[in-house]
Amino acid sequence: MDNQRLKFVILIIAVAVITFGWITVGVGSEEVPYVSIMEIVANNYEFEQNRLRLGGLVEEGSITYSTDRLNVDFVIAQEEHRLAVHYQGLTPDMFNDGAEVIIEGRLQDEVFIADNLMTKCASRYEADIIKPESNPQGEI
Amino acid sequence: MITLGAYSLQLGFLFALVSLGFGGWTLARDDGRFQVAAQRALVISSGFVLLATAVLVQQLLISNLDLEYVVRYSSVETPTMYKFAGLWAGMEGSLLFWSAILAIYIVLINFLNRQRNQTLMPLVNIVLGIILLFFLLVNIFFENPFTLLPPGTILQGSGMGLNPLLQHPVMLIHPPILYLGYVGFAIPFAFAVAALIRRRLDATWIRSTRRWTLIPWLFLGVGIILGGMWAYVELGWGGYWSWDPVENASLLPWLTGTAYLHSVIIQEKKNMLRLWNVILIMITFILTIFGTYITRSGIISSVHAFAATDLGIWFFGFVVFTIVACVGLILLRWDEFASPNRLESFTSRESGFLFNNMVFLALTLAVLWGTMFPVLSEAVRGAKITVGSPYFNRITTPMGLILLALMGIGPLLAWRKTSNATIKRNFIWPGVGAVVVLVTGLAMGVSSIYVVVTLALASFVLVGIVLELARGIAARRRIAGEGMLTALLNMVDKNRSRYGGYTVHLGILIMFIGFTGKAFTVEQDMTLREGEKTQLKDYVFTLQHHYIEKRPNHIAKVIDLTVAKDEHIIATLSPEKRFYTDSDQPNTEVAIFSHGLIDLYAILGDFDQETGVAVLKIMINPLVQLIWLGGIIMVLGTIIAILPSRADRKLQEKLT
């Protein structure tokens with residue numbers, strides 16, 4: 001291998017190593033684990049990472065807006081587990097009792113302080129509305 | 001009519017199969033007897049696919065509620081133009097739409113190559129035939145749009161209507177354009193495979209697919225930008241890009257496609273990088289299928305995803321099949337890749353392109369890694385871990401800036417080796433331009449270092465492009481004695497790829513400047529009563545009225561918000577909260593007013609009819625419009641590069 005070619009090979013390897021290093025560092029510092037309420041309770045509301053991600057259903061009747069409607073408290077449910085959530089900001093269109101939501105944020109005094117609230121089936125292209133099992137007459 | 005659609009689809013499948021049979025015979029026996037038959041069968045198959053698509057569109061237009069697909073994605077009340085959009089609103093229709101676009105490409109490519117590329121075309125048709133067959137297979141056996149509603153179903157109302165989010169003019173053109181891009185990469189891919197099989201790896205296949213690469217690249221780019229535009233004007237969170245898996249899926253092939261557009265230049269000029277180019281176009285094509293897989297399988301949760309289905313395994317299988325076939329083929333033809341030429345110097349145009357390619361690939365990898373991270377981490381560590389926008393922004397911003405720098409440096413380098421004198425001459429003014437902006441930015445106290453660096457690099461690129469144009473024009477004026485404009489037009493016409501490329505670069509740098517606007521965005525959530533005011537930056541917003549309007553398929557809550565600057569009312573913003581009666585869904589309609597380059601953006605949360613208190617969010621988004629402007633310039637540049645030059649046209653006339 002001649003000198004010039006060697007230089008290019010070294011350069012390409014260097015770029016590859018830097019890229020991998022950069023990506024690994026980036027992922028490491030921005031990891032947001034997907035947790036369940038059960039894990040949160042089991043971990044005593046303490047996690048290594050600062051931010052957590054959690055999915056579940058909005059407990060029926062648990063939504064309470066502040067008087068200026070800019071803050072909302074609700075309870076997120078995963079099967080029999082429950083967790084209180086606080087969110088500041090306008091709620092998405094499909095945020096409602098029973099809606100499937102994904103929240104991101106941190107834990108503080110056993111309350112999930114969410115800074116990101118997404119409703120799951122809201123923005124799907126497909127609304128899954130034809131549900132024969134819940135609709136025995138086959139009505140739409 | 002429904003039967004006609006269903007049969008057309010099946011006949012399309014059958015003819016694709018027949019074509020592959022004939023094609024396979026031609027290839028295996030090296031016997032040209034059935035070559036024409038194979039081609040005709042594929043074109044006929046394409047015709048049937050288009051017929052089936054036409055039938056589905058017609059059914060949507062007449063709102064035939066016997067068809068489950070029509071009931072699910074349209075309704076009698078859906079405005080006519082959005083009935084068209086029903087075609088790509090659901091899984092079944094969108095797959096058919098995909099096949100239809102491939103069919104259009106197949107017909108076009110066969111028509112345009114009726115006299116040309118005779119050695120490659122039979123193989124190109126086999127590759128395209130396999131892709132078409134796969135999509136038709138899925139369409140017929142798993143997601144058939146011509147399925148009737150189960151007998152005995154009682155309809156309440158007149159169809160579920162199109163998802164309100166899709167009822168936006170941009171959404172009428174965004175999916176078709178994106179699809180034209182996605183599907184179009186199948187053409188250069190098919191040519192690459194054909195060239196590989198036929199051992200024709202010189203630059204011929206690359207020249208004959210130059211336009212067929214630029215066209216999908218253009219469509220994909222425009223599709224992505226339109227998607228951002230739709231998110232901005234429709235989704236109501238004030239941004240245009242959220243690093244959602246589906247957005248990333250469309251960005252990935254665009255990145256590798258862009259790398260490919262640059263690296264093929266080296267093969268054309270120096271006959272190098274043969275293997276690399278083949279690999280790049282293969283990766284690009286595989287990423288388009290992979291993108292479809294991500295969107296359809298529900299493997300990664302995304303706001304865009306179609307409902308989760310079992311289709312994932314089929315798409316995954318097809319991706320694996322393609323990868324295995326590509327790798328196998330490359331290994332079989334390994335001896336074909338050696339090139340007599342090699343890189344001579346770091347300071348050469350070639351190595352500029354090489355760096356460009358490395359960074360594009362690194363960027364692709366970073367985006368792919370972040371997108372797939374939830375799946376990978378679950379497989380390896382057993383815990384599903386996501387990385388959101390912070391990861392992507394942090395990783396991709398520096399890479400984007402390196403690319404911006406390369407965009408300025410590359411064109412200033414000479415082929416083979418750049419002499420020190422040339423470097424001095426070419427770099428001095430762009431360098432001055434960058435330093436001036438850098439110093440001014442720092443002196444003005446712009447807080448974000450990324451913003452200052454972006455603007456400085458943009459200035460470097462801009463000065464470089466302007467100088468290049470000025471020198472070219474000056475030379476033509478001196479030698480040919482042409483006027484300013486004539487010189488410019490002739491110069492561009494003489495080398496359309498190059499100057500089209502510069503125009504695209506100009507568009508990209510304007511978009512980069514647009515991206516920096518994010519650093520200056522201001523937003524506030526608030527509650528306002530009628531007559532109440534609020535101030536954000538230099539703008540005073542007053543809530544004038546709130547009212548409810550009943551429209552054909554929805555009810556809208558509206559507020560009128562006047563905006564004043566320096567005591568003068570400059571606009572009225574009327575954001576809405578709609579409730580769609582056909583699909584039973586609420587939807588936020590934002591209001592945007594562009595004051596110069598500053599967008600005033602209002603989102604209505606809700607209002608209480610009795611108390612008259614409205615909850616809303618106001619944002620001030622500077623420079624976002626530059627992104628759309630940059631996009632338009634990018635389109636113009638690509639069109640310059642695609643259109644044939646005067647010399648080409650004359651040659652064409654002589655030939656015919």
Side-chain angles (χ1 to χ4, degrees), chain A residues 2 4-5 7-8 11-12 15-16 18-20 22-36 39 49 51 53 55 65-71 88-96 102 104 116 118-130 132 135 137-140, chain B residues 68 71-73 89-91 150 152-157 160 163 165-166 235 301 303-307 342-346 351 354-355 358-359 362 365-366 369-370 373-374 383-388 390-391 394-395 398 525-527 577 583-588 603 605-606 613 615-617:
Chain A
D2 57 80
Q4 194 62 31
R5 197 164 178 150
K7 272 195 214 160
F8 271 103
L11 187 82
I12 290 173
V15 171
I18 293 171
T19 308
F20 274 106
W22 185 240
I23 291 175
T24 320
V25 172
V27 167
S29 64
E30 306 290 357
E31 277 184 4
V32 185
Y34 223 120
V35 292
S36 67
E39 282 174 83
Q49 290 94 346
R51 285 173 63 77
R53 192 179 235 243
Y65 285 99
S66 61
T67 37
D68 61 1
R69 281 195 50 114
L70 293 177
N71 287 277
Q88 185 178 16
L90 298 186
T91 50
D93 286 339
M94 298 299 275
F95 178 74
N96 230 323
I102 296 173
E104 257 181 49
N116 195 356
M118 291 165 277
T119 42
K120 209 171 171 195
C121 46
S123 352
R124 285 203 176 188
Y125 293 149
E126 307 200 351
D128 202 15
I129 301 179
I130 298 183
N135 210 343
Q137 287 88 35
E139 287 177 333
I140 292 177
Chain B
E68 187 177 334
V71 174
R72 272 173 171 266
Y73 304 107
M91 174 79 93
T153 311
I154 303 149
L155 273 181
Q156 284 184 343
M160 283 152 49
N163 185 331
L165 284 170
L166 302 182
L235 288 187
S301 57
V303 291
H304 292 71
F306 286 81
R342 55 184 48 178
L343 292 169
E344 288 165 55
S345 163
F346 279 123
S351 64
L354 187 75
F355 276 114
M358 286 198 283
V359 183
L365 200 70
W369 188 256
F373 201 71
K384 204 170 185 175
I385 296 173
T386 54
V387 289
Y391 159 81
R394 192 177 150 168
I395 297 284
D525 293 340
M526 64 189 78
T527 48
K577 186 92 178 179
S583 55
D584 247 3
Q585 284 185 58
N587 187 228
T588 305
I603 307 155
D606 200 1
V613 178
V615 193
L616 63 152
K617 176 183 220 149

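All chains are named by letter (A, B, ...) in the order of the sequence lines, taking the proteins before the strands, and each is independently numbered beginning at 1.
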S.K.: Can you say whether B:Phe373 sits under 4.5 Å from chain A via the side chain, the backbone, both, or neither, judging by heavy atoms?
M.R.: side chain
S.K.: Considering residues at least two apart in sequence or located in another chain, which fulfil the ring-ring contact (aromatic ring centres under 6.0 Å, His included) criterion with A:Phe95?
M.R.: A:Phe74
S.K.: Against chain A, label B:Leu616 side chain, backbone, both or neither, depending on which of its atoms sit under 4.5 Å from a heavy atom there.
M.R.: backbone
S.K.: Who pairs with A:Arg51 by side-chain hydrogen bond (donor to acceptor under 3.5 Å, both in side chains), at least two apart in sequence or on another chain?
M.R.: A:Glu104, A:Asp115
S.K.: So what's closer than 4.5 Å to chain A heavy atoms on B:Val613: side chain, backbone, both or neither?
M.R.: neither
S.K.: Between chain B and each of A:Asn96, A:Val25, A:Leu11, A:Val15, count heavy-atom pairs under 4.5 Å; write down the option with the most.
M.R.: A:Leu11
S.K.: If you count heavy-atom pairs within less than 4.5 Å of chain B, which of A:Ile23, A:Asn116, A:Thr19 leads?
M.R.: A:Ile23
S.K.: Identify which part of A:Ile18 has an atom lying under 4.5 Å from any heavy atom of chain B, answering side chain, backbone, both or neither.
M.R.: neither
S.K.: Rounded to the nearest 0.5 Å, what's the gap from OG1 on B:Thr527 to CG on B:Asp606? Could you check?
M.R.: 12.5 Å
S.K.: Under a 4.5 Å heavy-atom cut-off, does chain B meet the side chain of A:Val32, its backbone, both or neither?
M.R.: both
S.K.: Check whether more than 12 heavy atoms from other residues, nucleotides or ligands sit under 6.0 Å from atom OH of A:Tyr65, and answer yes or no.
M.R.: yes
S.K.: Which distance, rounded to the nearest 0.5 Å, do you find between the OG1 of B:Thr588 and the CD1 of B:Ile603?
M.R.: 8.0 Å
S.K.: If you measure from CE on B:Met91 to CZ on B:Arg72, what distance do you get to the nearest 0.5 Å?
M.R.: 11.0 Å
